[in-house]
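Each remark here refers to the structure printed beneath this line.
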Amino acid sequence: MSSQIPMRVAVVGATGFQGSAVARLLAERHHLVRTLTRRPQGDRPPLPGAEFVAGELGSPGDVRRLFEGVTHAFVTLPLVYDTERVRLYARNIARAADDAGVSRLVFNANTRIPQAPTSVPAFETRRIAEELFRGCGVPLVVVRPPVYLDNLFSPWNGPSLVNEGVLAYPLPAATPTAWISHRDLAQAAYAALTREGLEGRTFDIGGALSLTGPDLAAAFGRGLGRSVRYVPLQPEVFERGLVRLLGPETAAGVAGVYHYLATGSDPLLMAGDDGVSAEVLAVDPVPVEEWVTRQPWQVWANDTEEEPASPQG
């Protein structure tokens, strides 16, 4: 599959942080992007070159219109954790992609997924979507990221990092995590869309190193040029903050990942894969220190800290 031939890519979720990073990279490399949105024209994010199709994932007709004329698809589902809604969304996407003759569909599960079934909707709804995409007849590649560095460049973490040297996050301090940036997600997605011989593969993408909380704080300290300490935030506290932003249902869905990790039953779920994905996808994730130095942290200096933001947005 040649990446030199312009693709026409349906990017489901391009109005969110993860999907927009992928859409921007595709546009930078001169591919055509179509996306579905319920937002009115004046409330759409700046995605130069993207074509917006008005509609929603729950409507088969809207999704078919999104896929008209596209050659590839990249899918990130919204922060919805109701089984039947996710099943409907995935089924609509799968059918539309198959009808359009899409050459390859890349599904961003938005999280790692435990090998054994769980009672956590954030995992199980994405497992259902994967199964539906895998059975639809369209060549599929799945990427499963761990946790995003970009979650930490926010009004809820930035001020405490810059002003107090405190990095608070709802992961146990000892949990090794291969933190990744949205930009590196986009690089992995691009490779998954274009490289030969990947159909049927699932990649636990992530950063080059698996860092514990103190390791992450040390990396941030080197990037910021100051001492930083890691404070594990209780998932219950984190979830209460999310309720004010997202409502109780979505907050419970997002926080469910962190409640699960707090049990310690799957301590390596968010760890790296020993470089396997990076080698196969031919990507080179940016080191945490380098990512830190690229962010304009001065915007948070002396700001007042607020409640935590959604980590999977």
Side-chain angles (χ1 to χ4, degrees), residues 10-19 22 34-39 52-68 70 73-100 102 105-145 189 200 202 235 238-240 242-261 263 265-266 269 310-313:
V11 179
V12 175
T15 57
F17 292 118
Q18 298 168 59
V22 174
R34 287 168 61 87
T35 190
L36 192 69
T37 183
R38 295 181 297 174
R39 298 185 184 185
F52 289 90
V53 177
E56 57 183 44
L57 292 175
S59 166
D62 291 345
V63 180
R64 280 197 300 272
R65 286 193 299 111
L66 168 65
F67 276 83
E68 288 176 358
V70 306
F74 175 81
V75 176
T76 302
L77 294 175
L79 297 178
V80 172
Y81 303 105
D82 175 77
T83 298
E84 291 312 310
R85 283 182 65 194
V86 170
R87 196 186 303 276
L88 173 64
Y89 293 170
R91 187 179 294 119
N92 287 344
I93 292 166
R95 288 174 175 170
D98 189 31
D99 290 346
V102 165
L105 187 153
V106 175
F107 176 51
N108 169 27
N110 194 28
T111 181
R112 298 286 177 77
I113 299 178
Q115 186 172 359
T118 71
S119 60
V120 180
F123 299 143
E124 300 313 311
T125 55
R126 274 46 187 177
R127 196 191 307 273
I128 288 170
E130 277 193 25
E131 291 170 354
L132 285 167
F133 293 144
R134 208 173 294 281
C136 76
V138 175
L140 176 71
V141 181
V142 177
V143 293
R144 295 175 173 175
T202 296
F238 178 72
E239 183 174 349
R240 286 199 295 271
L242 289 183
V243 168
R244 296 192 290 272
L245 293 167
L246 304 174
E249 183 178 346
T250 302
V254 171
V257 172
Y258 297 92
H259 286 290
Y260 177 84
L261 292 169
T263 68
S265 61
D266 200 350
L269 181 62
S310 167
Q312 301 297 103

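Values below: all heavy atoms of this structure, side chains included; hydrogens, waters and symmetry mates excluded.
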(request) Kindly give the heavy-atom pair with the smallest separation between Ala122 and Val257, and that separation in Å. (result) CB-CG2, 3.6 Å
(message) Are Val120 and His259 packed together at the side-chain level, in the sense that at least one heavy-atom pair is separated by less than 4.5 angstrom?
(response) no
(message) Taking side-chain contact (heavy atoms from CB on, under 4.5 Å) as the criterion, tell me which of Asn92, Asp99, Ile93 meets it with Phe67.
(response) Ile93
(request) Taking the side chain as every heavy atom from C-beta outward, state whether Val75 and Phe133 have any pair of such atoms under 4.5 Å apart. (result) yes
(request) Please list, chain by chain and in numerical order, all residues satisfying salt bridge (charged side-chain N to carboxylate O under 4.0 Å, His left out) with Arg95, sequence neighbours excluded. (result) none
(message) I'd like to know if the side chain of Arg112 and the backbone of Leu269 have a donor-acceptor N/O pair within less than 3.5 Å.
(response) yes
(request) Determine whether Asp266 and Leu261 make a side-chain contact, defined as any pair of heavy atoms from C-beta on separated by less than 4.5 Å. (result) no
(request) Enter the distance from Arg134:CZ to Phe107:CZ here, rounded to the nearest 0.5 Å. (result) 10.0 Å
(request) Find the distance between CD (Glu249) and CG (Leu79) and round it off to the nearest 0.5 Å. (result) 11.5 Å
(request) Taking all non-hydrogen atoms of both residues into account, name the closest pair between Tyr258 and Pro235 and its distance. (result) O-CG, 3.7 Å
(message) Testing the basics here: between Phe238 and Ala255, what is the closest heavy-atom pair and its distance to 0.1 Å?
(response) CD2-CB, 4.4 Å
(request) Taking the side chain as every heavy atom from C-beta outward, state whether Val63 and Leu36 have any atom pair closer than 4.5 Å. (result) yes
(message) Could you check whether any side-chain N or O of Thr35 sits under 3.5 Å from a backbone N or O of Val11, counting only pairs where one atom can act as donor and the other as acceptor?
(response) yes
(request) Rounded to the nearest 0.5 Å, what's the gap from CG on Leu77 to CD1 on Ile128? Could you check? (result) 11.0 Å
(request) List the steps and the verdict of side-chain contact (heavy atoms from CB on, under 4.5 Å) for Arg85 and Thr125. (result) CA-CA 9 Å; Arg85 283 182 65 194; Thr125 55; over 6 Å; no
(message) So, taking the atom named CD in Glu56 and the one named OH in Tyr89, what distance separates them when rounded to the nearest 0.5 Å?
(response) 7.0 Å
(request) For Ser59 and Arg65, test the side chains for any donor-to-acceptor distance below 3.5 angstrom and give the result as yes or no. (result) no
(request) Grab the two heavy atoms, one from Leu242 and one from Ala251, that are nearest each other, plus how far apart they are. (result) CB-CB, 3.6 Å
(request) Can you measure from CG (Leu245) to OG1 (Thr250) and round to the nearest 0.5 angstrom? (result) 11.0 Å
(message) With heavy-atom distances below 4.5 Å as the criterion, would you say the side chains of Asn108 and Phe74 are in contact?
(response) yes
(message) With a 4.0 Å cut-off on N to O distance, would you call Glu130 and Arg127 a salt bridge?
(response) no
(request) Drop me the distance from Glu84's CD to Arg91's CZ, to the nearest 0.5 angstrom. (result) 7.5 Å
(message) I'd like to know if the side chain of Glu124 reaches the main chain of Thr118, judged simply by a donor and an acceptor atom lying under 3.5 Å from each other, with no hydrogens or angles considered.
(response) yes
(request) Report the residues that fulfil ring pair (Phe, Tyr, Trp, His ring centres under 6.0 Å) with Phe52, sequence neighbours left out, ordered by chain and then residue number. (result) none
(message) Ignoring hydrogens, what is the shortest heavy-atom contact between Arg34 and Val53? Give both atom names and the distance.
(response) NH2-CG2, 3.5 Å
(message) Using modelled atom types and a 3.5 Å cut-off, is there a donor and acceptor pairing between side-chain atoms of Arg144 and backbone atoms of Ala109?
(response) no
(request) Compare every heavy atom of Val86 with every heavy atom of Ala129, then report the nearest pair and how far apart it is. (result) CB-CG1, 4.4 Å
